[in-house]
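Heads up, the thing below is written out as structure tokens.
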Amino acid sequence: MAATKTLRMRSVGKAFRGPDGPVVVLKNLNLELEPGEVLLVTGPPGSGKSTLLSIGASLLRPTTGEVFVQSHRVSHLPEHRLASIRQQHVGFLFQDFQLVRGVSAVDNVKITLVPLGLMPTEAHRRALAALDAVDMGHRASQVVNYLSGGEQQRVAFARSLVHNPTLVFADEPTASVDQNTGNKMIQLLVEHKSRGATLIIASHDPVMINAPFVDRRLSFETIGLLVGP
Amino acid sequence: MKTLLVHLGAAWFAVRNLRRRYLRTLAISVPLTLAMTIATTAALISDGIRQDGRIAAQHAPDLVIQHVVAGDLVPVHLSHIRTVLKDRVGISDMSPRVWGLVPFPGEGAPGALATIFGVHWSHHAPSDVRGVLVGEWPNQDERGVTVIGSGLAATGHLELGQTIRFHSKGAHSFRIVGILTPNTNVSAASSAWVHPEDARTLFGLSSDEATDVAVSLLDSAESPYLAETVLLKLPEHRLVEKSTVVRHFEAIYGQKSAAFSAIWLMLILVTVSLAFAFGMDTQANERREMALLKVLGWSPLLVVECRLFEAALIGIFATVTGFGLGGLWAVLGAPMISGYFLGWAQVYPGFMPPLAMQWSTGFALAMVGTIPLVAAGVIPAWRIGVLSPDDALRG
């Protein structure tokens, strides 16, 4: 049964080293997500939303507990094994986009496809298609430094979905875009959900909070304290 | 195929990185290209001169007997030498040579000197002096004529049929009947060949005198032994063995080449240090990007590989460009450094330095141009490769 879950967290805790001793951000978190399920994580800044996303995406190891992506126990895998897990299963949309500066939009998206070993023409075609899906096809060759915040957000969106991940983490996906673009982003997430992808979204955008496609909600009221699901 | 495409993808991103960080790329590649250019030119001239020396030495006599008085080369007395060598076994031939330096008569190279060689026309075909002859080789006892080297002809704007006048202890005019383009630039490009008796007149030698005596042996390996025994009978004489000539040639140009190698290696060292410093002093922005690659599914090894590709690409670019520029510099006569290599160009008419490069030299240059730079990148690349993605992204 465990293999059917896209993401599982068991007794996950995370503490960071602080000037006055360890700062506990997550404590004894248990979570299981099915394919196609959408989890919305809300809470004030610094409450641990991003930490949860990072641990789920195997970018950060928990201090305690274990994390599974599909059947892989990612919390205990060596870094080189994690690369192939991320490549196959994980898409991550950062709040601050994290685009590679000085490189065109299409190249930013193609970077995700490098570990897949695609033919250059196929990689280019897929990257363009991903940009088209976020209405950025016409700006594909533009260096990202010269794109607006909203456009950069859309390029980052294309990059996080271009390899069809089964597990998508989105940190404030609609924070930097106007309402129309935000709606488009939500529509894309819904499409991705309908294809069976599991979405974990951190947001305090009211539109997102009230979105009907969200299956479960997890609220960080204060640091390390969870309300729900 | 898939694996190859992954590596090609890493190389593709490395090229993008070099382009967008062009100031750093230039800071590393310019000194390395400069180093490779100097090294290539120096290697081409150095190897060329050595090759010339080896070709010339192949046809050199086993022993040359010279008369030295108070450190000066003075004419040898042939009757005396013949007497000493008469009963020596193992000598296949003994031939007096009349040669010397004279002021270059044309206006093309003021203060320069030309080398006059007396040759028996019938004993030496053009093939003996090895080269391509324009004009004709003189008949057996033809006097008052000369065959000049192409370097001499070019410097002095001399043509077939013209008369040239050389001055030494005597003076003699010669009609130019042939121009020889030798395949050993260093030894013959500034030379003129004349009848031995004309050379004697020019250098004020009697019929019993010569500049030196060339001795050929039945077995070349006997030359040290023969030199030792002959020297006992010929005090104030110097016996120059063929191997000594070659050794000195190699030593002189090896040293000159080594001086350039030192400059070159210093430049390489500076470049490698620069690359290492740049690599170690990775900016937060760059660390963030490398961490991002890992978030996007790049393995730590692929991240390291990408960084090493950057170093390798700079090295290959600098090496290839350095080879090209160095070759061009050499073909243009290597201004500024050829005078150092062709020390005698101060006294001989100038000529193009001979150019050649051994495979081993080229291979060594290519390796030194690329490997140290890549090696210098390993530690900084590894430091970035093992970064925790989350730590780097959070800064």
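Below, read A as the first sequence line, B as the second, and so on, with proteins coming before strands; counting in each chain starts at 1.
For chain B, no part of A:R81 is nearby; none of its heavy atoms comes within less than 4.5 Å. Interface remark: A:L99 contributes backbone atoms only to the contact with chain B (heavy atom separation under 4.5 Å). The contact between B:L293 and chain A is made entirely by side chain atoms (from C-beta outward), counting heavy-atom distances below 4.5 Å. Contact of B:L302 with chain A is made through the side chain alone, with heavy-atom distances under 4.5 Å.
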Side chain to side chain contact (heavy atoms under 4.5 Å, CB included) between A:D135 and A:R154, worked out: CA-CA 8 Å; A:D135 294 333; A:R154 282 187 277 165; 3.6 Å; yes

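Top candidate by heavy-atom pairs under 4.5 Å with chain B, chosen from A:L116, A:V100, A:D107, A:I85, is A:D107. Options A:Q87, A:H163, A:R159 differ in how many heavy-atom pairs under 4.5 Å they form with chain B, and the most are formed by A:R159. The candidate from A:V90, A:T112, A:I111 with the greatest count of non-hydrogen atom pairs under 4.5 Å with chain B is A:I111. Per-residue counts of heavy-atom pairs under 4.5 Å with chain A were compared for B:R21, B:M1, B:R16, B:H7; the largest is that of B:R16.
Considering only heavy atoms from C-beta on, B:L328 stays 4.5 Å or farther from B:F323 through its side chain.
Between the side chains of B:N17 and B:E310, at least one donor-acceptor pair of N or O atoms lies under 3.5 Å. A:E172 and A:H204 are linked by a side-chain donor-acceptor pair at a separation below 3.5 angstrom, with hydrogens and angles left out of the test.
Results of the side-chain hydrogen bond (donor to acceptor under 3.5 Å, both in side chains) test with A:E66 over A:H76, A:R10, A:R8 single out A:R10 as the only residue that passes.
Other residues, nucleotides and ligands contribute only 12 or fewer heavy atoms inside 6.0 Å of the CE atom of A:M119.
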